[in-house]
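Values below: every heavy atom of this structure, side chains too, minus hydrogens, waters and symmetry copies. Reminder, nothing fancy here: chain letters follow the sequence lines and each chain counts from 1.
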Amino acid sequence: MTTVRIPAGWPATEEEARAVQDELRARVVLDEPGPPPGAGRVTGVDVAYDDELDVVAAAAVVLDAASLDVVAEATAVGRISFPYVPGLLAFREIPTVLAALDALPCPPGLVVCDGYGLAHPRRFGLASHLGVLTGLPTIGVAKNPFTFTYDDPDAPRGSATPLLAGGDEVGRALRTRTGVKPVFVSVGHRVTLDNACAHTLALTPEFRLPETTRRADALCRGALQDATTPH
DNA sequence: GCGACAG
DNA sequence: ATCTTGTCGC
């Protein structure tokens, strides 16, 4: 486990944070297909908080894409770097997530984030932001539709419908388990939407949420507990 | 103007 | 995200 400081010059106000998004947005790459699903490695990242104690813990868990076995994992803890503001989630999570990714002993491959990428008020959600900062291919898989609209996909696993912002398809509502509420997939960086959905299906042979986020969620919760429990 | 809003 | 018991079901 590593400890992080909030970076110098980190945005202190919502206005500054939005300005950073507006500048970095131009660096998102959308014309690469991304790594093929089911091969190589896939990494899940997630974060847990204790607002009382001002502690944040992040986890990165690397899986073999074919077997979904855990290949490597790392955690990081720090102080909370930004309040939760819809549309500015990245500023709350990114410093600690970057530290966890840096602590991995191997390359992460595709990174799967909890939240959104292009499906964002300014088209620059957490997954896109993390992709631009690291150069890694990233996707976002969210549990809720945020402010977007969609028609319910057909019941069978694999069914999908467009996630719409006005008239634009910014992501997809994807049924990962037959008859269960869909997840909401969007592109982060250097991956197409079709490929992002294919990866998401490859990561959900058993549960609604990707194995990557399930593993990362469990790990960062434990790390928060360790960082928060008196010894 | 008011409410809703990833995690 | 987090606060939180039991309970239904594979």
Side-chain angles (χ1 to χ4, degrees), chain A residues 11 14 17-18 20-21 24-25 28 44-61 75-98 100 111-132 138-150 157 162-166 168-174 176-189 193 196 200 205-210 212-225 227-229:
Chain A
E14 298 184 20
R18 282 190 287 267
V20 170
Q21 292 180 330
L24 293 182
R25 181 175 47 198
V28 176
V45 293
D46 194 19
V47 172
Y49 305 93
D50 188 321
D51 289 278
E52 265 317 276
L53 298 177
D54 187 28
V55 177
V56 52
V61 180
T75 59
V77 299
R79 313 289 291 277
I80 297 178
S81 53
F82 210 82
Y84 173 65
V85 179
L88 301 178
L89 176 65
F91 296 93
R92 186 169 166 80
E93 309 213 328
I94 275 187
T96 325
V97 167
L98 284 177
V111 177
V112 180
C113 299
D114 235 350
Y116 282 117
L118 283 192
H120 178 271
R122 286 167 296 283
R123 302 297 182 271
F124 195 70
L126 170 64
S128 299
H129 199 146
L130 188 64
V132 164
T138 61
I139 67 173
V141 180
K143 308 176 207 59
N144 301 294
F146 200 10
T147 62
F148 305 104
T149 59
Y150 68 102
R157 160 176 156 90
L163 188 64
L164 300 172
D168 308 331
E169 180 180 39
V170 294
R172 217 163 270 164
L174 176 65
T176 54
R177 305 299 307 158
T178 297
V180 175
K181 175 181 176 176
V183 298
F184 303 90
V185 179
S186 62
V187 164
H189 183 61
L193 183 54
T200 302
E206 191 172 4
F207 301 103
R208 177 172 88 110
L209 297 180
T212 38
T213 77
R214 289 169 42 78
R215 298 319 253 270
D217 178 78
L219 186 57
C220 70
R221 285 203 210 200
L224 181 67
Q225 205 58 242
T228 267
T229 299

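In this structure, CZ of A:F148 is placed 18 Å from P of B:dA4, rounded to the nearest angstrom. In this structure, A:I80 places its CD1 atom 10 Å from P of C:dT2, rounding to the nearest Å. Taking atom CG of A:L126 as the reference point, atom C1' of C:dA1 lies 13 Å away to the nearest angstrom. Rounded to an integer number of Å, the gap from A:I94 CD1 to B:dA6 C1' is 13 Å. Note: CG (A:L209) to C1' (C:dA1) measures 14 Å, nearest angstrom. Across the protein-nucleic acid pair, A:N144 atom CG and C:dA1 atom P stand 9 Å apart, rounded to whole Å. In this structure, A:L53 places its CG atom 11 Å from P of C:dC3, rounding to the nearest Å. Here B:dA6 presents its P atom at 15 Å from CD of A:E14, a figure rounded to the nearest Å.
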Would you be so kind as to tabulate the donor-acceptor pairs closer than 3.5 Å made by side chains of residues 140-149 of chain A, with sequence neighbours excluded?
unit_1, atom_1, unit_2, atom_2, d
A:K143, NZ, A:D114, OD1, 3.4

Reading 5' to 3' through nucleotides 4-10 of chain C, protein heavy-atom contacts under 4.0 Å coded B for base, S for sugar-phosphate only, - for none: -------
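Summarising the local packing, CZ of A:R79 is surrounded by 12 or fewer heavy atoms from other residues, nucleotides or ligands at distances under 6.0 Å.
Within 4.0 Å (heavy atoms only), A:L163 reaches no atom of the nucleic acid at all. Nucleic acid contact class of A:A48 (heavy atoms, under 4.0 Å, all strands): sugar-phosphate only. Within the 4.0 angstrom heavy-atom criterion, base atoms lie near A:G87. Counting non-hydrogen atoms under 4.0 angstrom, A:Y49 reaches the backbone sugars and phosphates but no base.
Evaluation of the ring pair (Phe, Tyr, Trp, His ring centres under 6.0 Å) rule for A:Y150 yields A:F184 as partners, not counting sequence neighbours. When the salt bridge (Lys or Arg N to Asp or Glu O under 4.0 Å) test is applied to A:D50, no partner is found at least two apart in sequence or on another chain.
Lacking a ring centre under 5.5 Å from that of the base six-membered ring together with a plane angle below 30°, A:Y84 does not count as stacked on C:dA1.
Residues A:R122 and A:L88 share a closest heavy-atom pair of NH2-CD2, 3.6 Å.
In this structure, A:K143 reaches the B:dG7 phosphate: one of its side-chain N or O atoms is under 4.0 Å from OP1 or OP2.
Exactly one residue among A:L130, A:V47, A:T213 makes a side-chain contact (heavy atoms from CB on, under 4.5 Å) with A:C113. That residue is A:L130. A:Y116 pairs with exactly one of A:L126, A:L163, A:L89 by the side-chain contact (heavy atoms from CB on, under 4.5 Å) rule, that one being A:L163. Partner of A:Y49 under the side-chain contact (heavy atoms from CB on, under 4.5 Å) criterion, chosen from A:V55, A:V56, A:T96: A:V56.
Note that OG1 of A:T212 and CD1 of A:I139 are 7.0 Å apart. Values are rounded to the nearest 0.5 Å. Rounded to the nearest 0.5 Å, atoms CD (A:E93) and CD1 (A:I80) are 10.5 Å apart. The line from CZ of A:R123 to CZ of A:R25 is 9.5 Å long, rounded to the nearest 0.5 Å.
Comparing atom distances between the A:R221 side chain and each of B:dA6, B:dC5, C:dT2 picks out C:dT2 as nearest. Among C:dT2, B:dA6, C:dA1, the nucleotide with an atom closest to any side-chain atom of A:L224 is C:dT2.
Nowhere does DNA chain C pair in an unbroken run of 3 or more (Watson-Crick or G-U, both distances under 3.5 Å).
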side-chain contact (heavy atoms from CB on, under 4.5 Å) evaluation trace for A:V20 with A:F91: CA-CA 10 Å; A:V20 170; A:F91 296 93; 4.0 Å; yes
Pair pattern of DNA chain B in dot-bracket, where unpaired bases get dots and | marks partners in another strand, Watson-Crick or G-U under 3.5 angstrom: .......
